There are 2 protein chains.
Amino acid sequence: MREFLSIASALGDENRLRMLLALRSGELCVCEITEFSGLAPSTVSKHLSILRDAGLIDGRKEGRWVYYRLAGSDASPVVLDAIRWVQNAHAADPRVAQDAERIVEILKDRKKQCPAADDIEASIVSDFETVGGKQR
Amino acid sequence: MREFLSIASALGDENRLRMLLALRSGELCVCEITEFSGLAPSTVSKHLSILRDAGLIDGRKEGRWVYYRLAGSDASPVVLDAIRWVQNAHAADPRVAQDAERIVEILKDRKKQCPAADDIEASIVSDFETVGGKQR
DNA sequence: TCCTTATTTCGCCAAATGACGAAATATACG
DNA sequence: CGTATATTTCGTCATTTGGCGAAATAAGGA
């Protein structure tokens, strides 16, 4: 029940939910999530911490940069079911579609701030437009 | 997104979650939920209101008594998915199993307080032990 | 009609939460 | 080593939330 409650609580905040959905496009750097959300860096850090503690996202550090991604298939069933629920619930949400477009723009400016690799960018944009296609 | 957030928020409180799970045994009267939860009647009422506004439960009034039950199959897909998630996540939770036993005790005292019908009682206990059986 | 009972609404309070800026920590570079 | 940068942690503040008791509302019975 503890796990469930922390997940549900984590999902109950709009900014956190939008960050989580933004990660569908693939791994994002904190600086990108910060730009996307428009919140203060400290606030973003705290939100990401909540998502991470709930098991919904994983982080990895590369130098000064921290990248976060959605929990993988090794996550608990409760987490995987939650992510599935989030995605299904927002399959046709115009706000989320709008957010998705904004992520594309932010990713175009990659390498201006964090050292994301070229192949990661190509992979992310490619995967993302596939998902986007399904939405439209 | 509004709908999703209200559901997730509703599910993020332990007392509300336990009330929701208690309704798996079938329709319950507010007086029974109040007894089960151990909270003040006004608090119970507020929690139930949140669950109802999120679409997770439906209520019906019969004289002085109000009965609540889990949302039915006419509920939105987001709600149905959420209820499925709740149930799957707690399939093997000892605390929830304990709660389930307590509900049985409370239902045995039915008719001491609210005018639930005999056939409803038989149906509820019967359904509930079936569910309980799957848990054990 | 008055009294009782069940539930909801309201008002208050303490705790929790989301937002921000400042400070701390970690990493990279000249 | 000093400076710059990215992120996290801490402290503060305003708002929200969960809990309670009192008041209000609705229904039933004598």
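Here is the naming used below: chain letters follow the sequence lines, and residue numbers restart at 1 for every chain. Since this is a predicted model, take the numbers as computed values, not measurements. Only this structure's heavy atoms are used, side chains among them; waters, hydrogens and symmetry mates stay out.
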Roughly how many Å is it from CZ in R60(B) to P in dA27(D), rounded to a whole number?
15 Å
Interatomic distance where CZ belongs to R18(A) and P belongs to dA19(C) [whole Å]:
11 Å
Any side-chain heavy-atom pair from L56(A) and L70(A) closer than 4.5 angstrom?
no
Do L5(A) and V78(A) land in one hydrophobic cluster if side-chain heavy atoms of ILVMFWY residues count as linked below 4.5 Å?
yes
Do nucleotides 5-18 of chain D as a string where each nucleotide becomes B, S or -: B if the base has a protein heavy atom under 4.0 Å, S if just the sugar-phosphate does, - if no protein is that close.
BSSBB--------B
Taking only Lys NZ, Arg NE, NH1 and NH2, and the carboxylate oxygens of Asp or Glu, determine whether R2(A) and E14(B) approach each other closer than 4.0 Å.
yes
Could you walk me through whether N88(B) and R84(B) pass side chain to side chain contact (heavy atoms under 4.5 Å, CB included), step by step?
CA-CA 6 Å; N88(B) 289 338; R84(B) 201 171 298 128; 3.8 Å; yes
With hydrophobic residues grouped by side-chain heavy-atom distances under 4.5 Å, do M19(B) and M1(A) end up in a single group?
yes
Gap between atoms CG and C1', on L39(B) and dC20(D) respectively (whole Å):
10 Å
